[in-house]
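Only this structure's heavy atoms are used, side chains among them; waters, hydrogens and symmetry mates stay out. Since the model is a prediction, treat every value here as computed from it, not as a measurement.
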Amino acid sequence: MPNAATPATKEPDRTGGPLHVAVIMDGNGRWAAARGLPRAEGHRRGVEALRRVVRAASELGILYLTIFSFSSENWSRPASEIGDLFGLLRRFIRNDLATLHRDGVRVRVIGQRDGLEPDICALLNEAEDLTRNNTRLILVVAFNYGSRQEIASAARQLACEVADGRRDPASIDADTIGRYLDAPDIPDPDLIIRTSGEQRLSNFLMWQAAYSELVFVPIHWPDFDKAALEGAIAEYARRERRFGGLAAKTGS
């Protein structure tokens with residue numbers, strides 16, 4: 001059982017701005033194609049955008065930032081592009097980890113690590129271990145991640161407990177399942193942003209997104225910056241959040 005005291009379904013205080021922002025970083029390839037550049041350059045510029053957004057999130061008082069960096073479906077891309085993406089991950093951790101640590105950023109990684117190259121696993125572990133005690137911003141990296149796979153893994157663990165006689169099936173509810181997800185101690189995202197104009201979750205945080213506000217922006221990820229993040233947060237602030245009851249802002 002995961003070491004967690006707080007179920008993923010527990011709602012954080014939502015009276016102010018978003019505490020947890022999640023981002024589907026989409027459009028690197030289209031950004032590059034529009035400029036006659038190789039896709040690898042789009043991914044490289046996407047890493048620059050990530051650096052900007054991590055800094056901006058910290059400045060704006062966001063406590064949790066989750067990024068969809070590599071999905072379990074991305075393995076279907078050409079091997080050369082996968083190699084480029086993994087190379088960027090290696091360089092990002094090697095070049096930026098010290099800065100993240102200095103700035104009080106804690107790195108958490110969700111997703112499957114089985115089958116990843118040993119040096120990738122070692123880098124992910126290094127990032128988590130070095131920054132474990134930082135508290136200014138929690139950067140959750142969804143790597144080799146798929147929400148359906150995450151939920152299926154939780155179901156398998158619970159099924160094993162039932163089969164072994166360690167759990168009564170009647171004890172399984174939404175909070176129980178939440179405790180078996182990849183990061184059960186992290187609150188659900190208040191705001192999920194997707195860049196490039198696509199309007200879907202694409203197997204990202206589907207359980208955790210039950211009450212998230214979704215904001216879709218037309219710009220591609222390499223052009224995303226602090227102003228774009230502030231615009232998405234402003235859109236979030238304009239919405240009435242009901243959570244199945246009365247409006248949180250107006251009480252209407």
Side-chain angles (χ1 to χ4, degrees), residues 20-33 35 37-72 74-75 77-113 115-145 182-183 186 193 195-196 204 219-230:
H20 183 177
V21 175
V23 184
I24 301 173
M25 306 180 296
D26 195 16
N28 291 344
R30 278 165 284 176
W31 181 93
R35 292 159 176 78
L37 299 171
R39 290 179 64 87
E41 179 62 16
H43 293 312
R44 189 188 70 79
R45 294 292 291 271
V47 170
E48 294 179 4
L50 175 58
R51 293 187 182 106
R52 292 194 301 268
V53 170
V54 170
R55 287 195 300 270
S58 183
E59 293 168 358
L60 294 171
I62 293 167
L63 299 182
Y64 304 89
L65 175 67
T66 298
I67 58 167
F68 203 6
S69 65
F70 188 84
S71 80
S72 53
N74 285 157
W75 292 106
R77 295 189 178 189
S80 59
E81 183 172 355
I82 293 173
D84 290 336
L85 289 168
F86 276 48
L88 284 171
L89 173 69
R90 291 182 176 99
R91 288 194 291 276
F92 178 76
I93 293 178
R94 289 168 180 156
N95 297 337
D96 290 66
L97 183 56
T99 300
L100 293 171
H101 183 44
R102 181 200 66 201
D103 293 342
V105 177
R106 180 181 179 184
V107 178
R108 298 279 300 272
V109 182
I110 61 174
Q112 296 296 316
R113 302 193 199 185
L116 295 178
E117 295 180 19
D119 73 309
I120 291 288
C121 290
L123 286 171
L124 296 177
N125 290 335
E126 178 187 356
E128 289 188 308
D129 291 342
L130 177 65
T131 63
R132 188 172 304 277
N133 296 321
N134 295 339
T135 58
R136 183 171 183 181
L137 172 71
I138 311 299
L139 175 63
V140 183
V141 180
F143 186 80
N144 195 26
Y145 172 85
D182 286 356
I186 291 178
I193 303 167
T195 60
S196 86
F204 180 56
I219 64 175
H220 297 318
W221 176 248
D223 290 328
F224 200 83
D225 55 14
K226 183 178 181 180
L229 178 59
E230 289 175 323

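Looking only at distances, no side-chain donor or acceptor of Ser71 sits under 3.5 Å from a matching main-chain atom of Tyr145. When atom types are taken as modelled, the side chain of Asn144 and the backbone of Gly111 share no donor-acceptor pair closer than 3.5 angstrom. A donor-acceptor contact shorter than 3.5 Å links the side chain of Asn134 to the backbone of Val105. A donor-acceptor pair under 3.5 Å is formed between the side chain of Thr195 and the backbone N or O of Asp26. Looking at Arg39, its side chain never comes within 3.5 Å of a backbone N or O of Ala32 through a donor-acceptor pair. A donor-acceptor pair under 3.5 Å is absent between the side-chain atoms of Trp31 and the main chain of Gly42, judged by distance alone.
Side-chain atoms of Lys226 and Arg55, non-hydrogen and from C-beta on, never get closer than 4.5 Å to each other. For the pair Val47/Arg44, no side-chain contact is recorded, criterion being any heavy-atom separation below 4.5 Å from C-beta on. Put simply, the side chain of Leu85 reaches to within 4.5 Å of the side chain of Arg77, judged on heavy atoms.
Minimum heavy-atom separation, Val141 to Ser69: CG1-OG, 3.4 Å. Nearest heavy atom pair, residue Gly27 against residue Pro222, reads O-CD, 4.2 Å. Between Asp119 and Arg94, the shortest heavy-atom distance links the atoms OD2-NH2, 4.0 Å. Nearest heavy-atom pair across Leu130 and His101 is O-CE1, 3.3 Å. Closest approach of Asn28 and Gly46 over heavy atoms only: OD1-CA, 3.8 Å. In terms of heavy-atom proximity, Leu116 sits nearest to Cys121 at CB-SG, 3.7 Å.
Residues passing the side chain to side chain donor-acceptor pair (under 3.5 Å) test with Asn125, sequence neighbours excluded: Arg113. Evaluation of the side chain to side chain contact (heavy atoms under 4.5 Å, CB included) rule for Asn133 yields no partner, not counting sequence neighbours.
Taking CZ of Phe86 as the start and CD of Glu117 as the end, the distance is 6.5 Å to the nearest 0.5 Å. Residue Arg51 holds its CZ atom at 8.5 Å from OG1 of Thr99, rounded to the nearest 0.5 Å. Between the CG atom of Leu229 and the CD1 atom of Ile62 there is a distance of 4.5 Å, given to the nearest 0.5 Å. In this structure, the separation between CZ on Phe143 and CG on Leu124 is 6.0 Å, given to the nearest 0.5 Å. For the atom pair NE2 of His43 and CG of Leu50, the computed distance is 14.0 Å after rounding to the nearest 0.5 Å. Interatomic distance, CZ of Arg106 versus CG of Leu100, reported as 14.0 Å (0.5 Å rounding).
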Report the C-alpha separation of Leu89 and Ile93 in whole Å, then their side-chain angles, then the decisive distance to 0.1 Å, and conclude whether the side chain to side chain contact (heavy atoms under 4.5 Å, CB included) test is met. CA-CA 6 Å; Leu89 173 69; Ile93 293 178; 3.9 Å; yes

task: Determine, stepwise, if the pair Val53 / Trp221 fulfils side chain to side chain contact (heavy atoms under 4.5 Å, CB included).
output: CA-CA 10 Å; Val53 170; Trp221 176 248; 3.6 Å; yes

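Salt bridge status for Asp103 with Arg136: absent, with no side-chain N to carboxylate O gap under 4.0 Å. Classification of Arg45 and Glu48 as a salt-bridged pair holds, one side-chain N sitting under 4.0 Å from a carboxylate O.
With Leu65 as reference, Leu137 is the one residue of Leu137, Leu60, Val140 to meet the side-chain contact (heavy atoms from CB on, under 4.5 Å) rule.
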